[in-house]
Protein chains: 2
Amino acid sequence: MGKKQSLAQRVTIWLVEDNIHFQKTLAELINETEGMRCAFGFTSCEEALKTLESSEPPEVILLDIGLPGMDGVEGVKQFKAASPSTNIIMLTIHDDSINVFNALCAGASGYILKDSSPENAIEAIKEVLAGGAPMNASIAHTVLDLFTSLAAPKGNYGLTDREKEILKLMVNGSTKKKIAKQLFLSFHTVNTHLKNIYIKLQVHTLSGAVSKVYKENLL
Amino acid sequence: MGKKQSLAQRVTIWLVEDNIHFQKTLAELINETEGMRCAFGFTSCEEALKTLESSEPPEVILLDIGLPGMDGVEGVKQFKAASPSTNIIMLTIHDDSINVFNALCAGASGYILKDSSPENAIEAIKEVLAGGAPMNASIAHTVLDLFTSLAAPKGNYGLTDREKEILKLMVNGSTKKKIAKQLFLSFHTVNTHLKNIYIKLQVHTLSGAVSKVYKENLL
DNA sequence: TATACAATCGCACATTCGTGGTATATTCCA
DNA sequence: TGGAATATACCACGAATGTGCGATTGTATA
C-alpha cells in the first residue's frame, strides 16, 4: 500500500496533542520533512472529530493517548469509525501498556514514546505508510503478554467437567429443562449443578455467570 | 531478565523441526555461536515433550509451526504448560499469519521466517533472551490486524443508546428491578427495553443476549 | 477403611423472567 | 405538519430461575 509523494502530493498528517509545545515541535518537524504536511494541530479529540466531518481525512493521525475529555483510546475508535483508512499512531509515555494495548485493539497502527526523539515520529509515520507497525521489541513483547493473558486459560474456579459442560450449554442460551433432556438428566440434577456453579463463580444470576465465562475465558 | 553466559554456562536450545537438513543447519549455527548450545533436535513435538519429562527444560525452543502429528500451535500450549519459563520461537513460512497468530496467543514469544537467513534465528534467540519479541514490522501489523478483526467487528443490531445502557447492566449480572432503581426508571420501562433488545438480537433469554454481546463485541 | 468429592435426584417456594397486550410524551425529520 | 423513532409506563400470567433444605450412589485417595 506504499504511496509515492512528490512535493506537490504530500501525505497529510494531523496532530492531536494537548501539550502545545510538543505539538508545535512535532508539526515543525513534519513540515520540514519531504513528502509530509501537518494540516492541523488539535488539543482534543472532540475538535479533531468535528473537523473530520467537513474535511478530507488525513493519511495519518498522531494521537496523544492521555487527553483531557475524550481519551486517546476512545478517540481511536471514533476516528476509525469515521475514517477507517486513516492510520493512527499513539503518542504515549512509559508504563502505559494497558492503554497502548487497548488503543491497538481499537485500531491504532502503532505507537511511539513521547520522550523518544521527535525524529522517531517521522520514522514511525514512514513505517506506517509502508504498511508496518511501529512498535519496538519490548513493547511487542508487552502486547503479546497482555494478549496471551487475555486469550489463555485464566482463572480456574474448580469447576468439574460436568459443571463446565452444563455451563457451556447455559451460555449458549439454553434452559435448564432443555439441558436436562439433552444430557438425559433430571431437571433437578441440572439445577443442582448450576447451583454449585453459582457458588463457585460467586454469582447469583445466569447472566453473571455467562459474563464471567467470557471475561475470564473459562470453559 | 537478561542473563550473562560464559562459555561454561551456555543457553540451552532445543530444535523441533521435521526437515532434518534445516534442523542440522540451525543446530550447527547455534553451536558455533558463543553462549548457545543446541541440546536436542527433534522431528516432532511428541518426542520433545517426552524428553521434557526427564530433562531440564531449555531456555529456548525453536519450533516448526507446521509439523506432522501435533502441530506447532498445539505444541506451544503443551510446552508452555510443562515449562512456562521456556521461550518459544516459531519457525514458519510466509502467509501463515493465522497460525502465527494462534501460536502467539498460545504463548510463543515470536517467530522467524524459514526462508530468511539462518543467522536471523540467532538474532531472534538473542532478542528473546533479552526480553524482546522477534517480529518484523509487517508481521506485527498482520498480528494487529487479526487482533483488531477479532476485537472489532461490531455487529450492529440497531440498539439505541438506552437499550445499550440497560443491556450493559444486565450483562454484568444485575436484575431488571435493580436497574430500574439505578436508572430511576419504572420496572416496566426496563422490561419494555429488554423486550425490544431481545427482538433486535433475536434471542429469548438473557444468557443468549449476554453471549451475543461478548461473541460479537456489542456495546 | 474412612472420608472426601463428584454426580445423581428430589421438593418447596419466593422471586424473576419472557411475552402478550396498550398507552403517552418527545424529538426529529421528511 | 404529520408520521417514525424513541423513551417512558402499566398490566397480567405462565414459565423459568434462584435457593433453601435434603438424599443416594459411586470413585478416589489418604
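Since this is a predicted model, take the numbers as computed values, not measurements. Each chain gets a letter, A, B and so on, in the order its sequence line appears, and its residues count up from 1.
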DNA chain C-proximal residues of residues 181-193 of chain A, any heavy atom under 4.0 Å = A/Leu185, A/Ser186, A/His188, A/Thr189, A/Thr192, A/His193

Here the distance between atom P of C/dA7 and atom CD1 of A/Ile197, to the nearest Å, is 10 Å

Does any residue of residues 164-180 of chain A have a heavy atom under 4.0 Å from DNA chain C, and if so, which ones, in number order?
-> none

Given A/Pro58, which of A/Asn87, A/Thr86, A/Leu15, A/Ile13 fulfils the side-chain contact (heavy atoms from CB on, under 4.5 Å) condition?
-> A/Thr86

When you check the side-chain N and O atoms of A/Thr43 and A/Glu47, is any donor under 3.5 Å from an acceptor?
-> yes

With no hydrogens and no angle check, is any side-chain donor or acceptor of A/Thr25 less than 3.5 Å from a backbone partner on A/His21?
-> yes

Does any pair with a residue in residues 161-199 of chain A pass ring-ring contact (aromatic ring centres under 6.0 Å, His included), and if so which ones, sequence neighbours excluded?
-> none

Residue pair B/Tyr198/A/Asn196 against DNA chain C: nearer the 5' end by closest nucleotide is A/Asn196

Enter the distance from A/Leu91:CG to A/Phe22:CZ here, rounded to the nearest 0.5 Å.
-> 5.5 Å

Using atom types as modelled and distance alone, determine if a side-chain donor or acceptor of B/Glu17 lies under 3.5 Å from a backbone N or O of B/Asn19.
-> yes

side-chain hydrogen bond (donor to acceptor under 3.5 Å, both in side chains) contacts touching residues 166-175 of chain B (sequence neighbours left out) = none

Salt bridge (Lys or Arg N to Asp or Glu O under 4.0 Å) involving A/Glu28 - partner list, sequence neighbours excluded = none

Provide the full list of side-chain hydrogen bond (donor to acceptor under 3.5 Å, both in side chains) pairs with a residue in residues 201-210 of chain A, sequence neighbours left out, each pair given once.
-> A/Thr205-A/Ser207

Considering only nitrogen or oxygen atoms on both sides, find all protein atoms under 3.5 Å from nucleotides 24-30 of chain C and state each distance.
none

Rounded off to whole Å, could you give me the CG-to-C1' distance for the B/Leu194 and C/dG18 pair?
-> 9 Å

At the 4.0 Å heavy-atom cut-off to chain A, mark where contacts on DNA chain D begin and end, going 5' to 3'.
-> D/dA16 to D/dC21

With sequence neighbours left out, the residues meeting side chain to side chain donor-acceptor pair (under 3.5 Å) with B/Thr189 are none

Exam field: side chain A/Asp71 to backbone A/Glu74, donor-acceptor pair closer than 3.5 Å = yes

Summary of salt bridge (charged side-chain N to carboxylate O under 4.0 Å, His left out) pairs that have at least one residue in residues 181-208 of chain B, sequence neighbours excluded = B/Glu163-B/Lys200

Would you name the heavy atoms of A/Phe42 and A/Gln23 that are closest together and state the gap between them?
-> O-NE2, 2.9 Å

Sorted by chain and number, sequence neighbours left out, salt bridge (Lys or Arg N to Asp or Glu O under 4.0 Å) with B/Arg37 holds for none

Difference in axis direction between the ends of the helix from C/dT1-D/dA30 to C/dA30-D/dT1, five pairs, 10° = 50°

Taking atom P of C/dG10 as reference, at what distance in whole Å does atom NZ of A/Lys195 sit?
-> 13 Å

Taking atom CD1 of B/Ile61 and atom CG of B/Leu52, what is their separation to the nearest 0.5 Å?
-> 6.5 Å

